[in-house]
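One structure is given here, and the rest of the page talks about it.
Since we're looking at a predicted model, the values are computed, not measured. Just so it is clear: chains get the letters A, B, ... in the order the sequence lines come, proteins before strands, and each one is counted from 1.
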There are 2 protein chains.
Amino acid sequence: MASHYPKRVLFLDLVLSVFRLNGLLISEGDAMTQNMGLTHARWKVIAAIALSTNGLTVPGIARVLGQSRQAVQRITDVMVQDALLVYLPNPRHKRSVLVRLSDEGKVAYSQLREVQDPWAIATTDDIPTEELDTALRLVRRLIQKFDR
Amino acid sequence: MASHYPKRVLFLDLVLSVFRLNGLLISEGDAMTQNMGLTHARWKVIAAIALSTNGLTVPGIARVLGQSRQAVQRITDVMVQDALLVYLPNPRHKRSVLVRLSDEGKVAYSQLREVQDPWAIATTDDIPTEELDTALRLVRRLIQKFDR
DNA sequence: TAATTTTTGTCAGTATGCTGTCATCATCTT
DNA sequence: AAGATGATGACAGCATACTGACAAAAATTA
């Protein structure tokens with residue numbers, strides 16, 4: 001049983017499991033979007049923007065996704081060229097524009113949700129809400145610790 | 001409160017949070033190993049091998065880390081050249097060799113543990129073992145679902 | 001306000017990871 | 001045993017991500 005291990009080993013096990021789950025989730029997303037021509041770098045950006053409430057800047061997306069701002073900047077630049085995203089003036093910051101979904105981007109997101117919603121529901125079908133909630137809380141707690 | 005959201009949104013939130021935590025954990029590991037000349041591609045391989053009980057093949061490491069076997073193969077080939085790893089005959093498979101830490105690799109791992117252990121202990125200091133355990137169980141459950 | 005620090009955009013260079021492909025060997029099925 | 005299926009190693013091409021560096025703008029502090 002995992003609970004018989006010392007806490008340290010338990011945690012390191014969790015860390016490796018997060019790496020693995022990360023890879024599997026990307027595979028899942030890629031499988032869901034393969035007929036839409038979206039790479040994981042792109043649907044992650046779309047999802048991050050769609051789930052945000054107040055709009056996101058490029059460095060903001062990078063923070064949410066745990067990536068470098070340069071990597072995100074490169075992707076969003078290309079996605080603006082491909083008309084999936086638009087840059088909008090940011091009332092709170094003159095240089096750092098807000099990134100929004102274009103109409104085409106919104107279409108892509110709704111297409112994504114058509115497969116993502118059933119996937120999410122099926123995946124969590126046999127998992128109690130409380131378990132998801134406590135796990136999310138722990139993950140957020142760890143994020144807070146590591147986020148400078 | 002997160003628990004007032006529908007389960008689907010809770011889960012999608014967890015997914016994005018796993019992406020973010022994944023990035024932050026890599027940053028943490030890189031910070032710990034920066035004076036040892038290890039990249040995250042390398043310390044992940046070292047950790048995966050060190051935590052395995054029966055030895056791992058290249059595709060086995062890839063499965064544990066949630067990556068492609070080609071990516072791992074490339075890294076392990078270089079790490080064997082750099083004398084951090086050794087390939088050993090696999091009694092259970094003629095072509096697929098076992099990957100082990102060399103003496104130098106073991107030194108690197110013990111150096112890694114000198115910083116990793118205090119880090120793990122400090123990180124989980126204010127987190128009950130039960131929470132870690134339930135979170136690990138949930139993550140493993142998700143991994144099982146997605147791992148073909 | 002002035003000085004300092006932080007954030008952001010941008011570019012260059014490099015490392016890592018993925019897909020697709022093919023041949024080879026292992027394992028399973030019949 | 002023979003054939004079918006699956007796993008593995010190897011290679012090529014490409015996408016993605018990181019670091020470091022620099023300048024400009026913003027935010028913070030004195």
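We find that CD1 of A:I75 is positioned 4 Å from P of D:dT16, with the value rounded to whole Å. Nucleotide D:dA21 holds its P atom 14 Å from the CZ atom of A:R69, rounded to whole Å. The separation between B:I61 atom CD1 and D:dG9 atom P is 10 Å, rounded to whole Å. The distance between atom OH of A:Y87 and atom C1' of C:dG9, rounded to the nearest whole Å, is 10 Å. What separates CG of B:L98 from P of D:dT8 is a distance of 12 Å, to the nearest Å. At whole-Å resolution of the value, CG in A:N22 and C1' in C:dT16 are 14 Å apart. Summarising the geometry, the separation between CG on A:D77 and P on C:dA12 is reported as 14 Å, rounded to the nearest angstrom. Atom pair A:D82:CG and D:dA15:P shows a separation of 12 Å (rounding to whole Å applied).
Between A:E131 and B:R141 there is a salt bridge, with a side-chain nitrogen of the basic residue lying less than 4.0 Å from a carboxylate oxygen of the acidic one. Electrostatic pairing of B:K7 and A:D125 does not count as a salt bridge here, judged by no charged N lying under 4.0 Å from a carboxylate O.
Nearest to the side chain of A:A71, among D:dG9, C:dG9, D:dA17, sits D:dA17.
Legend: salt bridge (Lys or Arg N to Asp or Glu O under 4.0 Å) pairs involving residues 48-57 of chain A, not counting sequence neighbours: none detected. The ring pair (Phe, Tyr, Trp, His ring centres under 6.0 Å) contacts involving residues 49-79 of chain B comprise nothing, where partners must be two or more places apart or lie in separate chains. Residues in residues 112-139 of chain A take part in these ring pair (Phe, Tyr, Trp, His ring centres under 6.0 Å) pairs, two or more places apart or across chains: A:W119-B:F11, A:W119-B:F146.
Of the residues in residues 26-44 of chain A, none has a non-hydrogen atom less than 4.0 angstrom from any atom of DNA chain C. Residues of residues 88-97 of chain A having a heavy atom closer than 4.0 Å to DNA chain D, listed by number: A:R92, A:H93, A:K94, A:R95.
Closest heavy-atom contact between A:S17 and B:L136: OG-CD1, 3.6 Å.
Nearest-nucleotide mapping onto DNA chain C: of A:T57 and A:R74, the residue sitting toward the 5' end is A:T57. Closest-nucleotide positions on DNA chain D for B:V58 and A:G66 were compared, and the one nearer the 5' end corresponds to B:V58.
With A:T124 contributing its side chain and A:I127 its backbone, the two residues share no donor-acceptor pair below 3.5 Å. Put simply, the side chain of B:T33 never gets that close to the backbone of B:M36: no donor and acceptor are under 3.5 Å apart.
Residue B:Q67 places none of its side-chain N or O atoms closer than 4.0 Å to OP1 or OP2 of C:dT16. Distances shown here put a side-chain N or O of B:R63 below 4.0 Å from the OP1 or OP2 atom of D:dT8. Using a 4.0 Å cut-off, no side-chain N or O of A:Q70 falls inside it from OP1 or OP2 of C:dC11.
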Side-chain donor-acceptor pairs under 3.5 Å in residues 79-90 of chain B, sequence neighbours left out?
{"from": "B:D82", "atom 1": "OD2", "to": "B:R42", "atom 2": "NH1", "distance (Å)": "3.0"}
{"from": "B:D82", "atom 1": "OD2", "to": "B:R42", "atom 2": "NH2", "distance (Å)": "3.2"}
{"from": "B:Y87", "atom 1": "OH", "to": "B:T76", "atom 2": "OG1", "distance (Å)": "2.9"}
{"from": "B:Y87", "atom 1": "OH", "to": "B:D77", "atom 2": "N", "distance (Å)": "3.3"}
{"from": "B:Y87", "atom 1": "OH", "to": "B:D77", "atom 2": "OD1", "distance (Å)": "2.7"}
{"from": "B:N90", "atom 1": "OD1", "to": "B:R92", "atom 2": "N", "distance (Å)": "2.9"}
{"from": "B:N90", "atom 1": "ND2", "to": "B:S96", "atom 2": "O", "distance (Å)": "2.9"}

